[in-house]
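In what follows, a single structure is set out as structure tokens and then discussed.
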Amino acid sequence: MSEDYHQIRKEKLKKWREAGISPYGARFLPLNSLREIKDNFPAWEGKEARVAGRIMSIREHGKSAFMDIQQESIRLQIYLRKDIVGEDNFARLGWLDLGDVIGAEGEIFKTRSGEVTLMVKSFSLLSKCLHPLPQKWYGLKDVEKRYRQRYLDFLVNPEVRNIFLTRSKIISLLRRYLEEKGFTEVETPMMHILPGGALAEPFVTHHNALDIDLYLRIAPELYLKRLIVGGWEKIYEINRSFRNEGVSPRHNPEFTMLELYWAYADYQDLMQFTQEALSKIIYEVCKSYVIEYQGESLDVSPPWERISFTHAFKEIANLDWRDEKEVGKKASEWGIGGDTPGKNLDAIFKKKILPHIIQPTFIYDYPRILSPLAKGKEEDLTERFQPIICGLELGNAYSELNDPREQRERFIHQRKEKESGDREAHPMDEDFVQALEYGMPPVAGLGIGIDRLVMLATNSSSIREVILFPLLRPE
RNA sequence: GGGGCAUUAACUCAGUUGGUAGAGUAACGGCCUUUUAAGCCGUGAGUCGGAGGUUCGAUUCCUCCAUGCCCCA
């Protein structure tokens, strides 16, 4: 194998240098956008334009050549003629390759076949591409390569760009919505002394100067609640949390969450809030309340169905969740049993109940044993709900427990779970209990998994499709 | 952690019931001044993911490993 694409391109690069022209150009502003030119051709016809983009195709015709240049996902045809750009410049076309970034100036016109085109008067190389781009027509399908070299994915698969535009739009709409409702965005630590606010295994790191282990946060919850103690009434945070768990189509070790706290409200208020906010955002992004997700037609218009945890267990799994013995028996029968009653309940809920919930639904009033930070209701329940769509847990919310004594007891119980082998049990956090002792107003808190929301809105089956650089094993 | 599937040219894919591989696009050389998956003529391109094993012979069969995808725990 003597043909080396990289080598051939490096030789072309050398030719630019030998001609005294840098193959890596400088500032090329001001620039006319390709979209603007294509969308408003009548205004541009006969006018001078200055454009830049990556060469995505070349069609040579002897003494002239067509190229398509791409800016973002818009392509514009440019036309170069030997008699216009001059013999020397025209000869330099041979030093260009698919993938090179060029700038060009000239007049906008339409070809015989009606294509909006720039008649090039001058052009310059702005950046040489030293590797062949994936072939334009078939795109890049190799999933691994798409994630490892996401830049190639964006260059040749325009629909991928749309997913991330949608993601950006969703987050922006969320912020705007929250701001309208009077919420303030805050930033709390990502490195925690104790990994709290959720039941999950953390990543551990080390701070050298203080010589202490720190944990990447599994949730911002306990710090946000400290702010509520401090008198903040409506706050939210949109940022990453980290959980040291396996990678799957629905889990990435780092993921983005919206977490919000609303003082003096309860979980009923948040159900209202959630269905309004999410349906509105999905409507804005998808232009419809009815969306397709992986073959299911989902109607996200409010109100969403509400089913209590107890009822869901009864109806879907035909089980009384309070019957610890029966639950344990069923769990091991299904091969999903855990070490503790809590684990069994959680497993049955996730594996046997969630998959049956398709339309947007609130499951509410969870067992206390599953919710160490939620406010109690009756003897063994908590004021908690989860929005579920297409079997996906989109979030988690509750009326927050604000009784420090009960909070301490729940932590003690979690410690027992930990001692009996549950590595995801919540650690005792005395500092947080102390904050509660100063008096936290009644408050409702909501977490929304942004990645999963984006999956729904973009009909993506894997969370990796909605994360720019998902975690992969190093090559 | 366990199971299944995948890995062949730069890209997308064929293929070989075991005899060291093909196509389209891309690349390279030539022709062509309104093409657009441009066209025409010609050329070259591969450790068939890696390492072992079986065999006269392995890309193909077996084992292990790597990476990815999916399912299960």
Side-chain angles (χ1 to χ4, degrees), chain A residues 1-12 15 38 55-70 74-87 89-90 93-100 106-120 129-153 155-157 201 245-252 294 331-339 343-344 346-348 350-352 355 391 423-424 460-465 470-475:
Chain A
M1 115 111 213
S2 59
E3 194 164 59
D4 185 340
Y5 292 87
H6 187 54
Q7 194 55 41
I8 290 167
R9 285 171 180 241
K10 280 205 287 199
E11 272 155 26
K12 290 184 183 176
K15 286 184 181 155
K38 294 198 90 166
I55 301 172
M56 298 308 283
S57 76
I58 301 175
R59 296 175 292 282
E60 285 186 274
H61 290 262
K63 296 187 182 66
S64 73
F66 290 94
M67 292 183 187
D68 294 332
I69 62 170
Q70 176 172 294
I74 304 293
R75 289 188 184 186
L76 176 76
Q77 175 167 272
I78 64 174
Y79 185 42
L80 298 101
R81 285 170 44 157
K82 195 174 185 173
D83 58 352
I84 293 180
V85 298
E87 207 153 313
N89 284 322
F90 197 78
L93 286 187
W95 308 345
L96 292 176
D97 286 297
L98 294 185
D100 289 354
E107 199 172 284
I108 299 296
F109 75 107
K110 242 183 200 172
T111 61
R112 278 209 286 257
S113 52
E115 182 81 22
V116 176
T117 304
L118 178 93
M119 179 69 81
V120 176
C129 176
L130 292 173
H131 298 279
L133 248 37
Q135 209 279 313
K136 59 183 176 185
W137 191 248
Y138 298 104
L140 178 64
K141 293 188 179 168
D142 182 325
V143 176
E144 186 180 352
K145 189 158 188 147
R146 285 184 46 227
Y147 296 156
R148 288 195 197 278
Q149 292 180 274
R150 192 64 108 164
Y151 45 92
L152 296 179
D153 198 17
L155 288 178
V156 300
N157 297 327
E201 273 197 68
E245 296 165 352
V247 177
S248 87
R250 292 176 176 199
H251 299 87
N252 195 62
Q294 303 298 302
S332 40
E333 211 171 279
W334 286 324
I336 55 178
D339 316 316
K343 282 272 173 191
N344 286 335
D346 190 52
I348 291 173
K350 283 190 172 135
K351 310 275 173 173
K352 295 292 166 185
R423 297 201 294 173
E424 295 183 350
S460 301
S461 63
S462 167
I463 197 170
R464 270 161 264 154
E465 288 295 329
L471 183 69
L472 295 181
R473 216 178 266 278
E475 280 179 293

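Proteins come first, then strands; the chains are lettered A, B, ... in the order of their sequence lines, and each starts at number 1.
Ion pairing between A/E87 and A/K63 fails under the 4.0 Å rule for side-chain N and carboxylate O. Using a 4.0 Å cut-off between charged side-chain N and carboxylate O, A/R473 and A/E144 make no salt bridge.
Following rounding to the nearest Å, A/R250 (CZ) and B/A73 (P) show an atom-to-atom distance of 14 Å. Per the geometry, CG belonging to A/D142 stands 12 Å off C1' belonging to B/G49, to the nearest Å. Between the P atom of B/G2 and the CD1 atom of A/I336 lies a distance of 22 Å, rounded to the nearest Å.
Between the base of B/U36 and the side chain of A/E115 there is a donor-acceptor pair shorter than 3.5 Å. Side-chain to base pairing of A/S57 with B/U36: no donor and acceptor N or O lie closer than 3.5 Å to each other. For B/U34, its base never sits under 3.5 Å from the side chain of A/R112 at any donor and acceptor pair. Judged by atom type and distance alone, A/R81 reaches the base of B/U33 through a side-chain donor-acceptor pair under 3.5 Å.
Closest contact between the side chain of A/T111 and the listed nucleotides B/U12, B/U35, B/A26 involves B/U35. Closest to the side chain of A/R473, out of B/C70, B/G68, B/G44, is B/G68. For A/Y138, the side-chain atoms get nearest to B/C11 when compared with the rest of B/U67, B/U34, B/C11. Candidate nucleotides B/C32, B/G68, B/U36 were compared by shortest atom distance to the side chain of A/E60, and B/C32 ranks first. The side chain of A/W137 has B/A37 as its nearest neighbour among B/A37, B/A10, B/U67. In the set B/A26, B/A38, B/U34, the nucleotide with an atom closest to the side chain of A/M119 is B/U34. Here B/A27 is the nucleotide among B/A27, B/C69, B/U33 with the atom lying nearest to any side-chain atom of A/I8.
Stacking of A/F66 onto the six-membered ring of B/U35 is present: less than 5.5 angstrom between centres, less than 30° between planes. Centre separation under 5.5 Å together with a plane angle under 30° does not hold for the ring of A/H131 and the six-membered base ring of B/A10, so they are not marked as stacked.
For the pair A/K351 and A/W334, the NZ or CZ position fails the cation-pi test of under 6.0 Å to the six-membered ring centre and within 45 degrees of the ring normal.
Judged purely by distance below 3.5 Å, without hydrogens or angles, the side chains of A/S248 and A/H251 pair a donor atom with an acceptor atom.
A/Y79 and A/F109 have tilted rings, their planes meeting at an angle from 30° to 60° on a 0 to 90° scale.
Summarising the base pairing, B/C5 is matched to B/G68 through a Watson-Crick or G-U wobble pair whose two defining distances lie under 3.5 Å.
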